[in-house]
Structures are given as C-alpha cells and as structure tokens.
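Notes for the one structure printed next.
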Amino acid sequence: MEFEERIRERIRAIPRGKVATYAQIAALAGNPRGARQVARVLHSCSGTAGLPWHRVINSRGGISLKRGRGFEDQKRLLAGEGVRVGRGGRVGLDEFQWQPGSVPSKGAKDFLKALESLGLRRRRRTRGHPS
DNA sequence: CCTATGACAGACA
DNA sequence: GTGTCTGCCATAG
C-alpha cells in the first residue's frame with residue numbers, strides 16, 4: 001500500500017509536457033523492478049483525480065493502452081500539452097522524457113536505483129533461450 | 001502458505 | 001522493425 005502511495009506521488013510530480021516510463025516511476029518510488037505495480041495502480045486509477053496518468057508510457061516510448069480502450073484519450077491529452085505523439089502512439093523519449101533534477105535519495109540505495117531508471121545501470125539477468 | 005493479476009521490461013530470434 | 005518468451009513483484013483473495 002505504501003509503495004503504491006509513493007508511485008502516485010511520483011506520477012503527480014511529472015511536469016506538464018513531459019512523460020515518464022513505468023520503470024522510471026517505479027525506480028523513483030523505490031523499486032526499480034516495480035513497473036508492473038505501476039501498471040496496476042494506473043489500471044484502477046478511477047477515483048484518483050488530479051493524477052496525470054497520461055504522462056506515463058512504456059519503455060519503448062509508446063502508449064500502452066489499446067485503440068478504443070483509452071489510447072485516443074491519452075494521445076489527445078499528451079498532444080494537448082505539447083507532446084508530439086506519432087503514429088502508433090510513439091513519443092520521442094529523448095525529447096520528452098522527464099529528467100528529475102534532484103533525486104529524493106533516502107540513501108545510496110535509492111540513488112543507484114535512480115541510475116537504473118536513467119538507463120545507466122541496466123544489468124539484468126540473462127536468460128538462455130528455448131528452442 | 002498458495003494462486004492470479006497487472007496500461008511492464010528486456011532478451012532473443 | 002516484429003513476435004514471443006521469461007523475469008519480475010506488490011496486492012488481493
């Protein structure tokens with residue numbers, strides 16, 4: 001419950017005209033691997049007025065909602081604040097991704113997590129592929 | 001304890 | 001670029 005609260009705080013902190021990825025929000029909220037929890041929060045965000053849910057997109061720089069199920073709304077809201085949304089809901093992360101000036105850093109741990117969110121510490125488990 | 005869920009992310013082919 | 005598979009983890013029941 002607490003984690004989801006922090007997620008909402010971070011989403012509220014995204015400035016107009018900028019976007020953040022699910023993983024970025026999760027990392028800033030304290031859990032770099034919590035992207036799916038961000039998804040859960042937004043999935044049931046009715047009742048959470050004032051939450052700029054439309055500024056959260058996926059790591060590929062695209063809108064995750066499907067056509068006819070919110071996609072158009074999100075696209076319009078973003079365009080309304082100056083974010084260019086291209087075909088297929090693509091947004092240029094290089095141009096529009098939110099870069100938080102200061103990190104909350106409740107310790108060195110959070111700082112490292114923030115680094116991961118910036119793609120500077122990707123490091124993930126490899127997987128061996130099934131044929 | 002268990003299983004299911006989720007607007008995800010990354011690694012492959 | 002696309003498609004598929006796996007890793008992930010807090011929450012709810």
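Each chain gets a letter, A, B and so on, in the order the sequences are listed, and its residues count up from 1.
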Rounded to the nearest Å, what distance is computed from the [atom1] atom of residue [X] to the [atom2] atom of nucleotide [N]?
X: Ile11(A); N: dC8(B); atom1: CD1; atom2: P; value: 13 Å
X: Lys66(A); N: dA7(B); atom1: NZ; atom2: P; value: 7 Å
X: Asn58(A); N: dG6(B); atom1: CG; atom2: C1'; value: 14 Å
X: Arg33(A); N: dT6(C); atom1: CZ; atom2: P; value: 18 Å
X: Arg69(A); N: dA7(B); atom1: CZ; atom2: C1'; value: 9 Å
X: Glu4(A); N: dA7(B); atom1: CD; atom2: C1'; value: 14 Å
X: His43(A); N: dA10(C); atom1: NE2; atom2: C1'; value: 15 Å
X: Ile7(A); N: dG6(B); atom1: CD1; atom2: P; value: 16 Å

Side-chain N,O (Asn31(A)) to OP1/OP2 (dA10(C)) below 4.0 Å: yes
Presence of Ser64(A) side-chain N/O under 4.0 Å of dA7(B) phosphate oxygens OP1/OP2: no
Touch class at under 4.0 angstrom, heavy-atom based, for Arg60(A) against every strand present: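 Result for Arg60(A) = base.
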Test: Arg8(A) and Glu5(A) ion pair at under 4.0 Å: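 Yes.
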Residue matched to dA7(B) through Watson-Crick or wobble contacts both under 3.5 angstrom: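 With both distances under 3.5 Å required, dA7(B) matches none.
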No-H, no-angle donor-acceptor pair, Tyr22(A) side chain to dA7(B) base, under 3.5 Å: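 Between dA7(B) and Tyr22(A), which were checked side chain against base, a qualifying N/O pair under 3.5 Å is present.
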Under-3.5 Å donor-acceptor pair between Arg40(A) side chain and dG6(B) base: no
Atom pair CD/CD of Glu4(A) and Gln37(A) - distance to nearest 0.5 Å: 7.5 Å
Would you indicate which nucleotide in [options] comes nearest to any side-chain atom of [X]?
X: Phe3(A); options: dT11(C), dC8(C), dA7(B); result: dT11(C)
X: Ser59(A); options: dT11(C), dC9(C), dA9(B); result: dA9(B)
X: Ala35(A); options: dA9(B), dA10(C), dA7(B); result: dA9(B)

P-based separation of dA11(B) from dC9(C) [nearest Å]: 15 Å
Verify, without hydrogens or angle tests, whether [X] (side chain) and [Y] (backbone) share a donor-acceptor contact under 3.5 angstrom.
X: Gln24(A); Y: Val56(A); value: no
X: Lys75(A); Y: Gly70(A); value: no
X: Arg90(A); Y: Arg60(A); value: yes

